[in-house]
Amino acid sequence: AAGLIATLGVLTWRQSRIYRDLPTLYRATVERNPDCWMAAFNLGNLCLAGHHPDEAATWFEQALRARPDYPEAYNNLGDAQRAQGRRDLARADYESALRLDPANAGAWVNLGIVSYETGRLAEAEQSYEAALRLQPDLRAAHLYLGNLLREQGRLTAAIPHLEHALRLQADDAVTQTNLADALEATGHPAAAVAHYEVALRLQPGQADAEDSLGIALAESGRMDDAVAHFEHALQLRPAFPEAQNNLGSALMQAGRFGDAVRHFEAALQLKPDYPEARENLRLARQRAAGLR
């Protein structure tokens with residue numbers, strides 16, 4: 001009896017080694033049954049999550065050999081191909097996924113991404129819109145569509161999508177900044193201020209965001225606050241000619257012409273071909289001379 005127990009214990013130990021983690025379990029399953037599409041698909045997902053897209057593609061292809069009508073395997077194979085820079089192959093895989101499952105909103109988003117990356121912007125926009133018709137609260141579709149519209153200068157159309165994306169996930173500093181930029185550019189500086197402030201709470205130390213916040217504050221009439229943020233931007237990045245010029249402009253509006261001159265001069269030292277700073281310097285010197 002003791003010998004039987006010991007033998008069974010050794011066998012159990014050997015078998016348990018096969019199942020010590022998910023990759024080992026799935027590999028053992030595929031070795032024993034190459035047609036087990038689910039194990040191959042799961043291995044592909046693990047490899048993709050582990051940033052091994054080449055190996056992931058191999059497993060997704062094996063899953064598709066065993067089950068050619070599996071749209072998610074095509075979609076994920078597209079992700080693996082795109083991660084390797086094979087965008088034409090990725091597009092074909094996303095299209096295959098959508099032929100099998102036209103209601104796959106995630107595949108529509110992925111097709112939009114690869115279309116955007118290959119310069120097919122109208123197709124990208126159509127794909128994101130198709131995803132939103134299927135799933136109106138799909139954050140990725142709102143985010144990518146909003147950013148596409150923003151980059152094209154279609155800011156009024158972009159704003160609702162960026163706002164929707166932030167309602168679904170507010171702790172995204174980049175999207176907070178992008179929305180603030182769009183709001184400021186469309187004449188809503190006070191609303192922009194609120195989003196820049198959130199962005200900087202989420203991701204402090206961003207000189208560009210500090211400078212943009214300063215601009216929105218100045219446009220809102222909060223000149224002292226604007227000066228403070230321009231100064232902070234320059235503390236973070238001393239070689240920042242735009243912030244030097246913006247600080248000079250704020251100081252000039254506050255009647256501090258001598259201080260403004262110094263910042264316009266600093267902007268031109270950093271960027272000699274800066275016509276706005278050169279004109280501002282001329283005006284500031286003129287006004288400073290008028291005070292003497």
Side-chain angles (χ1 to χ4, degrees), residues 45 48-49 51 71-72 75-76 78-80 82-83 87 90-91 94-95 97-98 101-217 219-220 229:
N45 287 333
L48 197 57
H51 306 290
E72 283 302 325
N75 183 57
N76 293 8
D79 289 344
R82 190 165 62 86
R87 293 185 176 88
R91 169 182 291 280
Y94 296 139
E95 289 173 344
L98 288 165
D101 181 12
N104 188 328
W108 279 112
V109 171
N110 289 336
L111 180 59
I113 293 170
V114 80
S115 296
Y116 171 83
E117 291 175 345
T118 53
R120 299 161 76 163
L121 303 186
E123 293 179 24
E125 183 175 345
Q126 291 166 5
S127 294
Y128 299 142
E129 288 172 344
L132 288 171
R133 284 193 294 273
L134 292 164
Q135 197 171 328
D137 276 341
L138 184 57
R139 181 178 184 274
H142 282 291
L143 182 62
Y144 286 115
L145 179 55
N147 283 329
L148 172 61
L149 295 168
R150 183 180 62 86
E151 290 170 14
Q152 292 179 327
R154 298 158 63 188
L155 301 179
T156 302
I159 286 170
H161 292 290
L162 297 174
E163 288 175 334
H164 201 131
L166 286 172
R167 281 197 294 274
L168 296 168
Q169 183 183 328
D171 62 344
D172 181 346
V174 172
T175 303
Q176 292 281 0
T177 300
N178 289 344
L179 175 57
D181 289 343
L183 289 165
E184 189 273 330
T186 53
H188 301 89
V193 164
H195 289 285
Y196 285 131
E197 288 175 339
V198 173
L200 285 164
R201 282 198 297 273
L202 291 168
Q203 198 172 72
Q206 302 300 306
D208 288 317
E210 290 284 356
D211 181 59
S212 296
L213 174 55
I215 293 170
L217 287 164
E219 291 175 348
S220 302
H229 284 281

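These values consider heavy atoms only, across backbone and side chains, with no hydrogens, waters or symmetry-generated copies. Along the sequence shown, the residues carry numbers beginning at 1.
The residue from Leu111, Asn110, Asn75 that alone fulfils the side-chain contact (heavy atoms from CB on, under 4.5 Å) condition with Leu98 is Leu111.
With Tyr128 contributing its side chain and Ala140 its backbone, the two residues share no donor-acceptor pair below 3.5 Å. Although no hydrogens or angles enter the test, the distance criterion places no donor-acceptor pair under 3.5 Å between the side chain of Tyr116 and the main chain of Ala124. In this structure a side-chain-to-backbone donor-acceptor pair under 3.5 Å is present from Trp108 to Pro102. Checking side-chain atoms of Glu125 against main-chain N and O of Leu145 turns up no donor-acceptor pair under 3.5 Å.
The CG atom of Leu148 sits 7.0 Å away from the CZ atom of Arg154 when rounded to the nearest 0.5 Å. In this structure, NE2 in His195 is found 14.0 Å from OG in Ser212, a value given to the nearest 0.5 Å. With values rounded to the nearest 0.5 angstrom, Asp172 atom CG is found 9.0 Å from Gln203 atom CD. Atoms CZ and CZ, on Arg82 and Arg91 in that order, are 11.5 Å from each other to the nearest 0.5 Å. Rounding to the nearest 0.5 angstrom, the gap separating the CD atom in Glu163 from the CG atom in Leu183 is 6.0 Å. Between the CG atom in Leu200 and the OG1 atom in Thr177 there is a gap of 6.5 Å [rounded to 0.5 Å].
Residues forming a side-chain hydrogen bond (donor to acceptor under 3.5 Å, both in side chains) with Ser220 (at least two apart in sequence, or on another chain): none. For His188, there are no ring-ring contact (aromatic ring centres under 6.0 Å, His included) partners two or more places apart in sequence or in a different chain.
Considering all non-hydrogen atoms of both residues, Arg150 and Ala158 come closest at N-CB, 3.6 Å. Minimum heavy-atom separation, Ala182 to Thr186: O-OG1, 2.8 Å. Considering all non-hydrogen atoms of both residues, Ala105 and Gln135 come closest at CB-OE1, 3.6 Å. Gly78 and Ala90 get closest at one heavy-atom pair: O-CB, 3.3 Å.
Between Leu155 and Leu149 there is no side-chain heavy-atom pair separated by less than 4.5 Å. Here the side chains of Leu132 and His161 are in contact, with some heavy-atom distance below 4.5 Å. Looking only at side-chain heavy atoms (C-beta outward), Asn147 and Leu162 come within less than 4.5 Å of each other. For the pair His229 and Ile215, the minimum side-chain heavy-atom distance is 4.5 Å or more.
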Kindly indicate, with the supporting measurements, whether the criterion side-chain contact (heavy atoms from CB on, under 4.5 Å) is fulfilled by Glu219 and Val193. CA-CA 10 Å; Glu219 291 175 348; Val193 164; over 6 Å; no
Please assess Arg139 against Thr175 for the test side-chain contact (heavy atoms from CB on, under 4.5 Å), listing each intermediate value before the final yes or no. CA-CA 12 Å; Arg139 181 178 184 274; Thr175 303; 4.2 Å; yes
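Asp137 and His142 form no side-chain donor-acceptor contact under 3.5 Å, judged by distance and modelled atom types alone.
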